[in-house]
2 protein chains.
Amino acid sequence: MGGRRRWSKREFMYRTDEPARTVYKITKGIVAESRTLDDGRRQIIGIRTVGDLCGYPEHRGRYLFCAEALTEVEACAFDGEKFVAFIGRDIDLACALAEDVSDRLRRATRNLTVIGQLKSTERVAHFLVEIHELYVSRHICTHPLTLHLTRQEIADYLGLTLETVSRSFSRLRDMRLIALVGGDAVAILDEDRLSHIAKV
Amino acid sequence: MGGRRRWSKREFMYRTDEPARTVYKITKGIVAESRTLDDGRRQIIGIRTVGDLCGYPEHRGRYLFCAEALTEVEACAFDGEKFVAFIGRDIDLACALAEDVSDRLRRATRNLTVIGQLKSTERVAHFLVEIHELYVSRHICTHPLTLHLTRQEIADYLGLTLETVSRSFSRLRDMRLIALVGGDAVAILDEDRLSHIAKV
DNA sequence: CGCCAAATTGATGTACATCAATTGGGGTGG
DNA sequence: CCACCCCAATTGATGTACATCAATTTGGCG
């Protein structure tokens, strides 16, 4: 039904308020969906990867978010209107869509608690556990764990600054819960204690 | 299909991790869904009112959240399993469900940006605009606007403390954007400027 | 009228933001 | 292959918004 498309690292798949003509299903790579305020403040609202839908739901025919490729990305592209029409004719597809959106709602509300209630180090611990579980579930996990997000991006995901994220990493390292490997990878040394700090 | 049930103010409809046997559709009143951490910190993840579904989606057969009646509440109760079975047989219902969940996802991600990026007064301004729009859309709006949430509940919704919420109210009052009417109501004096402060 | 819970306001403390300097790792060209 | 560069990450010094602790004030209700 849909054509295949590719994006290279740091390329944008689409931007907020653009006409939402296409729905994507990621087949390779990792994507950050974000919203940016007029004054430049940015909130990354989700990390998407293989199997995830992107560009849905939209709002009044326009994309709600920006989608930036964090790695090289491949996706199937579906015409938005055909996609909706198709859903309307296939009950299994409609249920699968409801389940997919429900899952994202669960994750979004979990992150609401993370950002609203947790301290900086707890947030970073939660991020590491979450990203690890995500990558394991999609069979794209490495040892050590490659994050694919810069400190700034993690900060924009957790509602912190890059310096605070960096300090939290250092604190978790000093607690011997993780080891920092190069600039973009982390070895989780004590998953139980890390999860315990992550709270949610 | 479902039986009618009632709760009085401050009564809990269900709690996190309870077996999710029933899905509710609210027919009257206002409900706060929340998640509470072991140490007592609480995040209100959504305000639900007439027309909204409650108790869905669940996770592994258990409620994800607590639901507390903020006013007297009435709802239709559906058996959870029958509800899912019903959805699986009716394409229009399945699409309506996907649309309902999508709408909540939109609101949850918007609040992610509010909590992650906005300052305290911006958050309170956003809360007022959001609650006002919600009540208008469901035809339960009053003049002045009755909030039905205590300062503590607003704080738990916005990731702040009750004192900070109170100070933000005072600041918005001093800016002549709102007027405080009694303990539980607010008159919005300048919706445009209030929305502008709310940013999102 | 008087009680009590909630809201407001004030004083102080602290976690995180901000500003600034240094370090480190990956890639390129000599 | 090494030296250099550049960007990201780390670390340090300081500032500030919000949290915390505490004292009044307000308003809804019997």
Side-chain angles (χ1 to χ4, degrees), chain A residues 8-10 37 39-43 70-71 114-128 144 146-175 178-187 197 199, chain B residues 8-10 32 37 39-43 68 70-71 114-128 144 146-175 178-187 197 199:
Chain A
S8 42
K9 202 168 169 170
R10 306 295 147 184
L37 304 181
D39 55 17
R41 287 179 277 181
R42 179 176 72 152
Q43 179 67 42
L70 298 181
T71 63
V114 169
I115 295 182
Q117 301 301 324
L118 300 194
K119 306 272 182 211
S120 58
T121 305
E122 297 171 336
R123 292 190 214 183
V124 171
H126 183 273
F127 166 76
L128 289 171
T146 307
L147 299 177
H148 300 296
L149 282 80
T150 64
R151 297 290 186 262
Q152 181 63 62
E153 285 161 344
I154 298 170
D156 288 345
Y157 184 57
L158 296 174
L160 299 168
T161 59
L162 70 95
E163 293 93 334
T164 300
V165 170
S166 181
R167 282 183 237 272
S168 296
F169 270 105
S170 301
R171 202 165 307 141
L172 293 172
R173 168 182 29 82
D174 296 345
M175 296 165 79
I178 62 170
L180 300 174
V181 183
D184 194 31
V186 170
I197 289 178
K199 301 284 191 313
Chain B
S8 42
K9 203 168 168 168
R10 306 294 147 185
L37 304 181
D39 55 18
R41 285 179 280 181
R42 179 176 71 152
Q43 179 67 42
E68 184 182 1
L70 297 181
T71 64
V114 169
I115 296 182
Q117 301 301 324
L118 300 195
K119 306 272 181 210
S120 58
T121 306
E122 296 171 336
R123 293 190 214 184
V124 171
H126 183 272
F127 166 77
L128 290 171
T146 307
L147 299 177
H148 301 294
L149 282 80
T150 64
R151 297 290 186 263
Q152 180 63 62
E153 285 161 344
I154 298 170
D156 288 346
Y157 185 57
L158 297 175
L160 298 167
T161 59
L162 71 95
E163 293 93 335
T164 300
V165 171
S166 181
R167 279 184 239 272
S168 296
F169 270 106
S170 301
R171 201 165 308 141
L172 293 172
R173 170 185 23 85
D174 296 346
M175 295 166 79
I178 62 170
L180 300 173
V181 183
D184 195 30
V186 171
I197 290 179
K199 302 283 192 310

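Throughout, a chain's letter reflects where its sequence line sits, starting with A, and its residues are numbered from 1.
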Give the intermediate values and the outcome of side-chain contact (heavy atoms from CB on, under 4.5 Å) for residues B:Leu172 and B:Leu128. CA-CA 11 Å; B:Leu172 293 172; B:Leu128 290 171; 4.1 Å; yes
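Across the protein-nucleic acid pair, A:Gln152 atom CD and D:dA8 atom C1' stand 11 Å apart, rounded to whole Å. One can place CZ of A:Arg171 at 11 Å from P of D:dT11, the figure rounded to the nearest angstrom. When the P atom of C:dC16 is taken as reference, atom CD1 of B:Ile115 falls 16 Å away, rounded to whole Å. Here the P atom of nucleotide C:dA6 and the CD1 atom of B:Ile154 are 13 Å apart, to the nearest Å. Straight-line distance from the CD atom of B:Glu122 to the C1' atom of D:dA17: 12 Å, rounded to whole Å. In this structure, B:Glu153 atom CD and C:dA6 atom P are separated by 9 Å, rounded to whole Å. In this structure, B:Lys9 places its NZ atom 15 Å from P of C:dA5, rounding to the nearest Å. To the nearest angstrom, C1' of D:dA9 lies 11 Å from CG of A:Asp184.
With hydrogens and angles disregarded, no donor-acceptor distance shorter than 3.5 Å links the side chain of A:Ser166 to the backbone of A:Leu162. Using a distance-only test at 3.5 Å, with no hydrogens or angles considered, no donor-acceptor pair links the side chain of B:Gln117 to the main chain of A:Gly159. Side chain of B:Asp184 to backbone of B:His148: a donor-acceptor contact under 3.5 angstrom is found.
Nearest-nucleotide mapping onto DNA chain C: of A:Arg123 and A:Gly182, the residue sitting toward the 5' end is A:Arg123. Between A:Ser166 and A:Lys119, the one whose closest nucleotide on DNA chain D sits nearer the 5' end is A:Ser166.
With salt bridges taken as basic N to acidic carboxylate O contacts below 4.0 Å, none links B:Arg171 and B:Glu122. Look at B:Glu68 and B:Lys9 and you find no salt bridge, because none of the NZ, NE, NH1 or NH2 atoms lies under 4.0 Å from a carboxylate O.
Remark: the A:Arg167 side chain and the C:dT18 base include a donor-acceptor N/O pair separated by less than 3.5 Å.
Residue A:Arg151 places no side-chain N or O under 4.0 Å from the OP1 or OP2 atom of D:dC7.
Exactly one residue among B:Leu160, B:Thr161, B:Val165 makes a side-chain contact (heavy atoms from CB on, under 4.5 Å) with B:Ser120. That residue is B:Leu160.
Non-hydrogen atoms lying under 4.0 Å from DNA chain D are contributed by B:Gly159, B:Leu160, B:Thr161, B:Glu163, B:Thr164, all within residues 156-164 of chain B.
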